[in-house]
Amino acid sequence: MSAALTVSSKQSKLLRFLRPQTPPNLSSLLRYLSAEPDHHPPAPPPQNDSPSVVTLVIELLQTSDNDWNEDKLHQLLFPTTSPPPPPHNLLQITRLLGSTAKALKFFNWVQANSPCQDSPLLSFTLEAVFEHASREPNSHNKLLDLFKTSKSHKIPLSVNAATLLIRCFGRSQMVDESFLVYNELCPSRRLTHIRNILIDVLFRKGRVDDALHLLDEMLQPNAEFPPNSNTGHIVFSALLKRDKVGRAVDEEEIVRLVSKFAEHEVFPNSIWLTQLISRLCRSGRTGRAWDVLHGLMKLGGVMEAASCNALLTALGRAREFKRMNTLLAEMKEMDIQPNVVTFGILINHLCKFRRVDEALEVFEKMNGGESNGFLVEPDVITYNTLIDGLCKVGRQEEGLGLVERMRSQPRCMPNTVTYNCLIDGYCKASMIEAARELFDQMNKDGVPPNVITLNTLVDGMCKHGRINGAVEFFNEMQGKGLKGNAVTYTALINAFCNVNNIEKAMELFDEMLEAGCSPDAIVYYTLISGLSQAGKLDRASFVLSKMKEAGFSPDIVSFNVLINGFCRTNKLDKAYEMLKEMENAGIKPDGVTYNTLISHFSKTGDFSTAHRLMKKMVKEGLVPTVVTYGALIHAYCLNGNLDEAMKIFRDMSSTSKVPPNTVIYNILINSLCRKNQVDLALSLMDDMKVKGVKPNTNTFNAMFKGLQEKNWLSKAFELMDRMTEHACNPDYITMEILTEWLSAVGETAKLKSFVQGYEVSASAEHRLWGNGRKQRLLQLLH
DNA sequence: GTAGGGTTAG
């Protein structure tokens with residue numbers, strides 16, 4: 001229910017309660033206070049010396065209940081010598097009668113006795129009869145009867161009578177009757193406020209088109225009854241609130257209405273304008289939102305920060321920083337005070353683009369760091385945004401510092417989100433223990449963890465090789481009543497797929513279903529990918545069909561994953577099936593699809609198909625990338641056709657302008673070394689240096705193997721030094737080659753000094769080689 | 001304001 005209507009319906013309830021015992025002047029005062037004007041001719045000036053006609057008539061009517069002195073009544077009301085009393089008097093008299101029955105009786109008498117039948121006398125008397133009836137139980141039926149009678153007697157409705165009827169019928173869901181009353185009303189009395197009521201009734205009943213039709217009439221440039229602010233409120237609330245009934249009205253239509261309203265100088269209030277701006281932005285029409293806001297600014301609509309905030313959010317999302325700044329400048333110019341949300345948006349977007357220091361500057365500014373007029377106290381959300389921003393760039397210690405600052409500020413205690421951001425920060429920094437401690441801390445502080453806390457820790461543990469710890473933690477939390485969701489299961493399923501524990505991954509999927517947790521598309525995608533990469537294409541297909549049953553469809557990446565899986569397991573017919581399915585679903589193959597197929601055909605020796613596919617991909621507007629060339633080069637290498645591989649390698653940088661990367665060099669260097677063309681491999685390494693392509697561990701491993709074959713010790717030493725220079729860590733393959741080779745030729749001293757270059761970080765070593773490998777290495781060295 | 005997945009060449 002809209003605010004204005006709540007007020008006026010409350011007021012009318014108040015009126016109904018007060019009226020019977022209230023003298024007319026208080027009643028008219030209340031009437032004056034109500035949102036709607038009273039549409040009566042002015043009351044005659046009070047007669048000071050003698051009792052008024054009203055008083056006399058009431059006395060007369062009350063003394064004799066069933067037997068009125070009609071002569072006297074006639075004399076008082078319709079004197080032959082003086083003009084008839086003003087209609088207002090009859091209204092007052094009728095109102096003061098105790099019941100509908102009495103009022104109706106009086107009305108009938110007036111109708112029978114009034115000398116002039118088409119005077120407003122009858123309309124006003126009837127109005128008071130309606131008022132009586134409206135206060136009785138089952139009022140809508142009584143009013144309907146009375147209305148029908150008045151219609152058959154051709155008594156015109158007064159403005160107030162029509163208002164009362166339309167409103168009462170509307171409340172009783174009798175929309176057609178409301179409409180009928182309106183249509184019965186003399187066009188000159190179809191005032192704005194009556195139309196407002198009817199429009200409101202129509203909207204509430206979902207009769208959107210009828211309401212808009214009525215509204216259109218009011219919005220005409222020279223409309224007799226133009227819209228007022230109440231009209232705006234009724235219309236915008238009906239069109240923009242969430243639980244609206246009837247057909248949806250699209251944003252363009254609303255924008256059209258807004259501008260028509262604006263021509264009548266009626267503007268949506270801040271709430272509705274903000275709603276409209278958000279809706280336009282959400283449906284991707286930020287430009288239109290910008291126009292609407294600026295149009296209203298120019299026309300003098302009242303603008304508050306909220307509406308600007310809605311637009312700022314959308315601009316930030318679209319990375320339109322220039323326009324964001326323009327809007328901020330305009331806000332300043334128009335004296336629109338930014339609020340905590342405005343600052344929050346700025347801080348958020350700066351953080352999302354990792355410009356955390358600038359975000360901190362804005363934060364200090366709102367704290368009054370620079371005295372530029374306004375102080376806005378940051379709230380929990382401001383703090384959380386910043387803490388998250390800091391954590392996302394690895395500055396979790398500073399985030400922790402902000403928590404201290406938060407605690408010192410009244411009404412700003414760290415909450416679940418605060419802890420979640422920090423826990424995620426520590427997890428991403430591989431500090432799982434610290435994250436776990438924060439989790440204990442939040443429990444101690446009475447801040448309840450939620451499913452996001454759970455997921456953050458589960459994922460953190462999974463990503464740092466503690467899958468069992470993650471499962472344990474999850475079970476512990478379930479025991480405490482904290483249920484997991486699709487995200488929890490995705491993290492675990494993904495982790496088990498990554499360590500090739502497909503059984504456990506599938507088990508978790510079943511567990512998820514048993515727990516009553518419905519999988520979303522991402523769970524399916526994860527599982528399909530894991531199964532495909534593990535070569536379990538039958539199970540991947542099974543999950544795919546389950547996914548479709550659940551109403552999700554594979555996206556381009558899932559198709560690519562499946563196509564790759566089918567190619568690798570030599571189920572080309574299945575791969576084709578997928579391509580067909582993609583086509584039917586309207587999903588075009590992308591570069592990855594082509595690369596996958598090119599890789600497959602070239603690896604199986606069908607180079608002509610591979611080249612045909614490459615031509616087709618270009619025709620489709622896709623650009624062959626370093627991966628495309630890599631697939632061909634790799635296949636030619638595997639096929640023993642090193643000349644062709646080198647030819648493509650030379651072509652790709654000169655003709656196609658795709659510079660080779662480390663992977664490409666590695667493929668070639670590896671193949672050349674295997675073919676004993678170590679000289680050529682070495683020249684490629686020089687080429688890398690020239691082109692600025694960094695060699696990695698694989699590059700050196702391939703070279704060492706080649707050099708070992710040739711027993712080119714001096715070259716190996718040279719490369720070992722270069723490896724150290726590049727801060728390129730040896731892995732266990734490097735160590736195995738070098739240990740075997742160098743200890744065989746009695747060069748363990750050189751090897752020891754090489755290894756010592758890397759013994760700076762025990763944890764890095766641990767990560768690289770693992771404990772077992774290191775033990776073996778040490779054994780070999782001693 | 002906070003959490004999840006997947007692709008192609010080594």
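Letters go in sequence order (proteins before strands), and every chain restarts at 1. What you see is a predicted model; the values in this text were computed from it and never measured.
For the ring-ring contact (aromatic ring centres under 6.0 Å, His included) with A:Phe509, the lone residue among A:Tyr524, A:Phe496, A:Tyr489 that qualifies is A:Tyr524.
No engagement by A:Ala521 is indicated, since no non-hydrogen atom pair under 4.0 Å with the nucleic acid exists. Within the nucleic acid shown, A:Val458 has no heavy atom closer than 4.0 Å to any nucleic acid atom. If you check every strand for non-hydrogen atoms under 4.0 Å, A:Asn348 touches sugar and phosphate atoms only. Here A:Thr490 lies in heavy-atom contact (under 4.0 Å) with a base. Residue contacts shown for A:Ile667 are limited to sugar-phosphate atoms, with no base heavy atom under 4.0 Å away. Using a 4.0 Å heavy-atom cutoff across all strands shown, A:Asp459 reaches sugar-phosphate atoms only and no base atom.
In this entry the distance linking CE of A:Met582 with C1' of B:dT7 reads 11 Å, nearest Å. Between the CZ atom of A:Phe509 and the P atom of B:dG6 there is a distance of 17 Å, given to the nearest Å. Atom pair A:Asn498:CG and B:dT7:P shows a separation of 9 Å (rounding to whole Å applied). Following rounding to the nearest Å, A:Asn661 (CG) and B:dT8 (C1') show an atom-to-atom distance of 13 Å. Spacing between atom CZ of A:Phe473 and atom C1' of B:dA3 amounts to 13 Å, rounded to whole angstrom units. The separation between A:Ile493 atom CD1 and B:dG6 atom P is 12 Å, rounded to whole Å. With rounding to whole Å, A:Asp520 atom CG is found 12 Å from B:dA3 atom C1'.
A:Leu438 places a side-chain heavy atom less than 4.5 Å from the side chain of A:Tyr426.
The pair A:Arg407-A:Asp445 meets the salt-bridge criterion, with a side-chain N (NZ, NE, NH1 or NH2) lying under 4.0 Å from an Asp/Glu carboxylate O. Contact check on A:Glu476 versus A:Arg436 returns a salt bridge, with a Lys/Arg side-chain nitrogen under 4.0 Å from an Asp/Glu carboxylate oxygen. Salt-bridge check for A:Asp440 with A:Lys444: failed, with every basic side-chain N at 4.0 Å or more from each acidic carboxylate O.
Picking from B:dG4, B:dT7, B:dA9 the nucleotide with the shortest atom distance to the side chain of A:Val592 gives B:dT7.
The environment of A:Arg319 atom CZ is sparse: at most 12 non-hydrogen atoms of other residues, nucleotides or ligands sit within 6.0 angstrom.
Near DNA chain B, defined here as any heavy-atom distance below 4.0 Å, the residues from residues 545-564 of chain A are A:Asp555, A:Val557, A:Ser558, A:Asn560, A:Val561, A:Asn564, listed numerically.
Between A:Tyr636 and A:His611, the ring-plane angle classifies as tilted under the 30° and 60° cut-offs.
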